[in-house]
Amino acid sequence: MNLTDDQEKMVWMIDFQGWTMGSTPLKVTRETVSVLQDCYPERLGLAILYNPPRLFESFYKIVKPFLDHETSKKVKFVYSNDKESQKIMAEVFDMDKLDSAFGGRNLATFEYSSYAEQMKEDDKKMQSNDAGSDASSEASFYSGTDSPKHGDGEHGATKKACAT
């Protein structure tokens, strides 16, 4: 929603600081992957896993042969204490704007309230865009309940609603 008109791809950076096996419910992980695949195909430009547990990289090496080659090239493991992987950050981001927590030079801190306000504005945009459609609220995704299903009208099959 917030991409500029000339920008078609997104960079996802997932920070694993403080992550534990119990941090992310499997259901939320599956739903996130489903939303990305079903609603935003070919929008992922790069996925950066920042300081993930080393087990993730080992697991990825096992799974990688089963993934589409173009998709697997988009996943990068970056570690704050590794000079080579930090080069990836410098290639992708303006280091003057990148938060210092990720190796950049921007000392500004994350302000939850500013981010929350931006998300509220985005929700309003989505609601006004969806006013004429049958897509329901995305709230079920965030609450951990099952995602809504909608008939496609033509074949009676179900599909997930995707925000446009």
Just verifying a value: how many Å separate Arg105 CZ and Ser100 OG, rounded to the nearest 0.5 Å? 11.5 Å
Measure from the side-chain N and O atoms of Ser85 to the backbone N and O of Tyr79, and report whether any donor-acceptor pair falls under 3.5 Å. yes
Roughly how far apart are Asn51 CG and Asn81 CG, rounded to 0.5 Å? 7.0 Å
Hey, could you give me each pair passing salt bridge (charged side-chain N to carboxylate O under 4.0 Å, His left out) that has a residue in residues 2-12? Not counting sequence neighbours. none
Kindly compute the distance separating NZ (Lys61) from OG (Ser72), expressed to the nearest 0.5 Å. 13.5 Å
If you link I, L, V, M, F, W and Y whenever their side-chain heavy atoms are under 4.5 Å apart, who else ends up in the same group as Phe102? Val11, Met13, Leu46, Ile48, Tyr50, Val78, Ile88, Met89, Val92, Phe93, Met95, Leu98
Hydrophobic cluster partners of Ile62 (side-chain heavy atoms under 4.5 Å): none
Any ion pair linking Lys120 and Asp123 (charged N to carboxylate O, less than 4.0 Å)? no
Residues in ring-ring contact (aromatic ring centres under 6.0 Å, His included) with Phe56, at least two apart? Phe16, Trp19
Leu107: which other cluster members, linking ILVMFWY side chains closer than 4.5 Å, directly or transitively? none
What I'd like to find out is whether the side chain of Asp96 reaches to under 4.5 Å of the side chain of Asn106, using heavy atoms alone. no
Quick one: salt bridge (charged side-chain N to carboxylate O under 4.0 Å, His left out) pairs with a partner in residues 79-88, sequence neighbours left out? Glu84-Lys87
